[in-house]
Each structure stands twice: as structure tokens, then as C-alpha cells.
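Report on the following structure.
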Amino acid sequence: MTAPSARDAEPVPAARRARPEPSRTALVRRARRINRELADLYPDAHTELNFSTPLELLVATILSAQTTDKGVNQVTPVLFARYRTAADYAGADRGEIEKIIVTTGFFRAKTTALIGLGQALCDRFGGDVPRRMKDLVTLPGVGRKTANVVLGNAFGVPGITVDTHFGRLARRFGWTRSDDPVKVEQEVGALFPRSEWTMLSHRLIWHGRRVCHSRRPACGACGVANLCPSYGTGPTDPVVAARLVKPGPFS
Ligand code: SF4
């Protein structure tokens, strides 16, 4: 899972500049319609990180910083078999973890985070992963994005995951103008019922990975083109656009 970056900033397409801003009611209606269409397009959207416990998801999400879910899924079978509890991470040999996760990049910082995570969970939460945002964000290597992934996917607590794809698509849909992930989370959250937050996150991330790419979105092959104010940001010719679609899977 990739963090939001300045790279995603892009000029507003001429088509969108020329249009008046929709009313709040129209914005909400259109946003919810886009969400419904995306639900039809991606009925089985889910996190593409492999995990079977909250701790495994927390670890996998920390490892996913600045790399792909596929890259994380390649190292976690060995990591999860060797380290099963928070105490295992707390007492881990640094070199051993580094060796297992080296291919995910930033492996020294990630190793420090995983060992610190294990220690913090043991010291303050009895070795369990806490279920509250305010506790999760006190853990080493855990920001709001990671906390929302864990809350939404391991505990069923609605959360909006603002990664690079989510932020880019939310701006293209006109749901926010902000590059600040916390503001994006608040502004998009206000457009949808809480019960939709987790699945909305998966759907936007899936659409961003497959169709609405950062550099050349496949507008001519996009299932929500008729609702998108940024239609025309990428090629609209169906044949050209179809070549840009990445079918996945990404895990
Ligand atoms: S129409 Fe283009 S910019 Fe809008 S969601 Fe589809 S691919 Fe992205």
C-alpha cells in the first residue's frame, strides 16, 4: 500500500474547470451513486494483504509502506510462521527479521517498528492489538491509515483508508480538494454513511489500481465515466483506454 504523495497533484481537466460546482445534495447523490456503481464493478473488493489475525494484518500493513501488497504477501508467510505473538516480535533478533523482510524496502526502519510494536503491545495492551483508533495510533509505525485498515478489516469497525489511490480518486471525483489525508478522510466520510466506509475504501483502491491510474487513467474504459467530473484526464478512446486497464490481481 503506497502512501499519498505530491506526485498525485494534477491539473484540473478543462471539462471540470468549466463546470459549476454541484450543490451539496447533488455532490452527495453523485458520490453515493459512484459508490454503488463501483460495488457492482468490484463485488469482491477486499484488502489485498494476506492475514489471518489482527496482529498479522497490523504487521502486514506496516510492511506495506512504500511497497506493493504483492511484495508484502511474498514475505509474510515466513514471517508469520516464525513470529506468532506480540511477545515473539518484542524478543526478536533484529538481523533475523531484517533478513526476512529485506525485499519490502526500508527494512531497518520496519524492523525497528515491528520490534517496538511487539514491546508496546506487551507493555500496554497485554499482548493484544487494541480496537480503538486512539490506542492504535500510539503504536510504533502506526498512523491513521494503518489504524483504519486494521479497524475496518480485522475488527469490523468502519474506517476510511486514505492511501495514494483513495486520495487521488476522491479528488478526481470532486469529493475533496485536499492533499492532506486526514482532511480527505473527514471530507469523504461526511458524504457516506459510516457503514460504507470500509468497503468504499476497498472499491476506490481497486479502481485506482486497475483503471484510474495516476499518470494515464483509462477514462475510455471506465465503468463510472458517466459520473466522473474528471472524465478526460486520461485517454477517452475505448481501444486506447482498454490497453491501459490492469486486470490484477495485485496480491
Ligand atoms: S473517468 Fe477517468 S478520471 Fe474518472 S474515474 Fe474513470 S478513469 Fe478515473
Side-chain angles (χ1 to χ4, degrees), residues 1-48 68-69 145 160-181 183-193 196-251:
M1 187 176 294
T2 317
S5 75
R7 194 181 58 180
D8 288 319
E10 61 190 28
V12 177
R16 193 164 92 202
R17 277 203 307 270
R19 273 187 216 161
E21 288 294 317
S23 69
R24 179 76 187 167
T25 308
L27 180 70
V28 170
R29 274 204 194 122
R30 191 180 67 197
R32 293 183 182 190
R33 226 181 120 199
I34 289 173
N35 182 36
R36 286 197 297 275
E37 300 273 334
L38 291 175
D40 288 343
L41 287 170
Y42 309 114
D44 58 347
H46 57 271
T47 177
E48 290 176 278
T68 62
D69 290 356
K145 185 183 74 171
I160 290 181
T161 305
V162 183
D163 76 345
T164 187
H165 302 291
F166 190 99
R168 179 178 72 252
L169 268 68
R171 286 185 289 278
R172 284 179 177 169
F173 288 145
W175 299 348
T176 180
R177 289 174 187 269
S178 181
D179 287 321
D180 172 8
K183 221 167 163 206
V184 173
E185 187 186 326
Q186 289 166 347
E187 291 181 354
V188 174
L191 299 172
F192 297 91
E196 282 298 305
W197 288 359
T198 303
M199 285 311 297
L200 174 76
S201 302
H202 292 318
R203 289 168 195 145
L204 256 65
I205 292 168
W206 274 48
H207 195 56
R209 285 179 171 164
R210 288 158 178 77
V211 178
C212 190
H213 310 300
S214 172
R215 291 181 202 286
R216 292 190 85 205
C219 293
C222 174
V224 292
N226 58 331
L227 297 167
C228 178
S230 297
Y231 174 74
T233 301
T236 55
D237 180 274
V239 177
V240 175
R243 279 194 225 114
L244 298 172
V245 173
K246 295 178 185 163
F250 294 87
S251 57

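Numbering starts at 1 and runs along the sequence shown. Indexing begins at 1, ligand by ligand and atom by atom, following the structure's order. Values reported hereafter were calculated over all heavy atoms of this structure, with side chains retained and with hydrogens, waters and symmetry mates removed.
Using a 4.0 Å cut-off between a side-chain N of Lys or Arg and a carboxylate O of Asp or Glu, R203 and E196 qualify as a salt bridge.
Here atom 7 (S) of ligand 1 lies nearest to P217 when heavy atoms of G208, P235, P217 are compared. Atom 2 (Fe) of ligand 1 has its nearest heavy-atom neighbour, among C219, A221, P229, in C219.
At a threshold of 2.8 Å, atom 8 (Fe) of ligand 1 has a backbone or side-chain N, O or S atom of C212 nearer than that distance. Atom 6 (Fe) of ligand 1 has an N, O or S atom of C222 closer than 2.8 Å.
For the residue pair Y42 and H207, a side-chain donor N or O sits within less than 3.5 Å of a side-chain acceptor on the partner.
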Item to check | Stepwise side chain to side chain contact (heavy atoms under 4.5 Å, CB included) check, F166 with L200 | outcome: CA-CA 9 Å; F166 190 99; L200 174 76; 4.2 Å; yes
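Each of the following atoms of ligand 1 lies closer than 4.0 Å to a heavy atom of F173: 5 (S).
From the protein, the heavy atom lying nearest to atom 4 (Fe) of ligand 1 is C228 SG, 2.3 Å.
Checked by atom type and distance alone, the side chain of T236 never pairs as donor or acceptor with a backbone atom of G232 at under 3.5 Å.
Taking the six-membered ring for Trp and thresholds of 30 and 60 degrees, W175 and F192 have ring planes more than 60 degrees apart, a perpendicular arrangement.
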